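To start, the structure itself, in structure tokens.
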Amino acid sequence: MSDARWQFDVSPTTAEAYEAMVIVGRGLLTRRTKTLVFVHSIFNGLLAPLGAVLVFWSFVVMVVGNDNSALRGATLPITLLIFGGIGIWLTRKAHLVMAEASVKSHFGRQYHVSLDCSGITVTTDNSRWHSGWHDVSVVRGGKQVLAVGISSKTIAVPRRVFLGPDDATDALGVMQAWQEGAQ
């Protein structure tokens, strides 16, 4: 194995934690869970807004009366798009709230991360956690972060802590080799 080693003090931003959560989440999805996520997306993106449109226009008809002139033309599709957009915004906002809670927690606010052939070690003011590469499920790179997924925990290593883009890319390749070699 390689004798490479990286050590950083990390204070991830909400955007970096969010990106890491998305990257690791996508990497952990199986065919079955991808299908479930797709069905859930259809429900949230189409059926829930459609129900909201029906409730909204039923309320409008009850208040205004039986005058259906407001329902002509593109009114229903436009209302559906508006409620669909609200649904997408709410879903994304919920994930951002989880990322924000993560970076404000004692464990996620600030930590020291060590990456070497033995695994990943995360040290905070109150704890030290080590996981060997065999226990690592996902090692992926994004625009802002390198993300390490272990069980349901995501460790974000922002690209900005590396010496430069090439160092981050090299680290990603080495970590992926360590993880693949340990499986």
Side-chain angles (χ1 to χ4, degrees), residues 1-45 88-89 91-183:
M1 290 231 161
S2 169
D3 60 349
R5 181 178 180 90
W6 290 270
Q7 292 188 15
F8 306 107
D9 288 320
V10 177
S11 295
T13 65
T14 299
E16 291 165 342
Y18 175 77
E19 182 182 25
M21 290 166 60
V22 169
I23 291 169
V24 168
R26 286 182 182 155
L28 293 175
L29 294 179
T30 63
R31 171 178 242 127
R32 182 173 168 246
T33 54
K34 284 180 183 177
T35 302
L36 181 63
V37 168
F38 176 75
V39 170
H40 181 259
S41 298
I42 293 297
F43 180 80
N44 279 347
I88 291 168
W89 179 82
T91 300
R92 188 173 191 300
K93 185 67 175 169
H95 288 98
L96 284 170
V97 166
M98 288 186 278
E100 187 172 8
S102 173
V103 299
K104 288 183 176 180
S105 72
H106 290 292
F107 188 80
R109 182 178 325 153
Q110 183 174 6
Y111 49 88
H112 180 82
V113 64
S114 296
L115 306 162
D116 59 35
C117 65
S118 72
I120 181 170
T121 304
V122 177
T123 307
T124 69
D125 289 340
N126 302 309
S127 63
R128 183 176 185 278
W129 180 49
H130 176 82
S131 185
W133 292 110
H134 182 72
D135 294 330
V136 172
S137 305
V138 177
V139 177
R140 296 265 169 96
K143 289 181 182 179
Q144 300 179 69
V145 296
L146 305 186
V148 178
I150 306 160
S151 185
S152 63
K153 181 66 181 153
T154 300
I155 307 297
V157 183
R159 287 183 178 271
R160 63 183 162 75
V161 301
F162 289 90
L163 296 175
D166 291 340
D167 189 36
T169 301
D170 291 346
L172 177 61
V174 170
M175 289 189 314
Q176 287 174 332
W178 286 335
Q179 192 254 343
E180 289 169 10
Q183 299 308 311

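Just so it is clear, the structure is predicted and the values come from calculations on it, not from any experiment. Every heavy atom of this structure was used, including side-chain atoms; hydrogens, water molecules and symmetry mates were not.
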Which pair of heavy atoms, one from [X] and one from [Y], lies closest together, and at what distance?
X: Ser137; Y: Leu28; result: CB-CD2, 3.4 Å
X: Val103; Y: Pro12; result: CG1-O, 3.5 Å
X: Phe162; Y: Asp167; result: CD2-OD2, 3.5 Å
X: Gly27; Y: Arg140; result: CA-NH1, 3.3 Å
X: Thr91; Y: His95; result: O-ND1, 2.8 Å
X: Val139; Y: Gln176; result: O-NE2, 3.0 Å

Say you draw a straight line from [atom1] of [X] to [atom2] of [Y]; how long is it, rounded to the nearest 0.5 Å?
X: Arg160; Y: Ser11; atom1: CZ; atom2: OG; value: 7.0 Å
X: Ile120; Y: Gln179; atom1: CD1; atom2: CD; value: 11.5 Å
X: Glu19; Y: Thr13; atom1: CD; atom2: OG1; value: 9.0 Å

Q: Compute whether any side-chain donor of one residue and acceptor of the other, for Thr123 and His112, lie under 3.5 angstrom apart.
A: no
Q. Among side-chain atoms of Thr30 and Thr33, is any donor-acceptor pair under 3.5 angstrom?
A. yes
Do [X] and [Y] touch side chain to side chain, with heavy atoms closer than 4.5 Å?
X: Trp129; Y: Ile155; answer: yes
X: Tyr18; Y: Val22; answer: yes
X: Trp6; Y: Val113; answer: no

Q) If you measure from the Lys or Arg side-chain nitrogens to the Asp or Glu carboxylate oxygens, is any gap between Glu16 and Arg159 under 4.0 Å? A) no
Q: Apply side-chain hydrogen bond (donor to acceptor under 3.5 Å, both in side chains) to Asp125 and list each qualifying residue two or more places apart in sequence or on a separate chain.
A: none
Exercise answer: donor-acceptor pairs, residues 141-150 side-chain atoms, under 3.5 Å, sequence neighbours excluded:
none

Q: Answer yes or no: is there a donor N or O on one side and an acceptor on the other, between the side chain of Ser102 and the main chain of Met98, under 3.5 Å?
A: no
Q | Main-chain N/O of Lys153 paired with Ser151 side-chain donor or acceptor, under 3.5 Å | A | no
(Q) My understanding is that only residues two or more places apart in sequence, or in another chain, count here; which of them pass salt bridge (charged side-chain N to carboxylate O under 4.0 Å, His left out) with Glu180? (A) none
**Q.** Option passing side chain to side chain contact (heavy atoms under 4.5 Å, CB included) with Ser118 (candidates Leu115, Thr121, Asp116)
**A.** Asp116
Q | Cation-aromatic face contact Arg128/Tyr111, 6.0 Å, 45 degrees | A | no
Q: Count the heavy atoms belonging to other residues, nucleotides or ligands that lie under 6.0 Å from CZ of Arg26, then report whether that count exceeds 12.
A: no
Q. Is it the case that more than 12 heavy atoms not belonging to His130 sit under 6.0 Å from its NE2 atom?
A. yes
Q) What class does the angle between the rings of Trp133 and Trp178 fall in, given that below 30° is parallel, 30 to 60° is tilted and above 60° is perpendicular? A) tilted
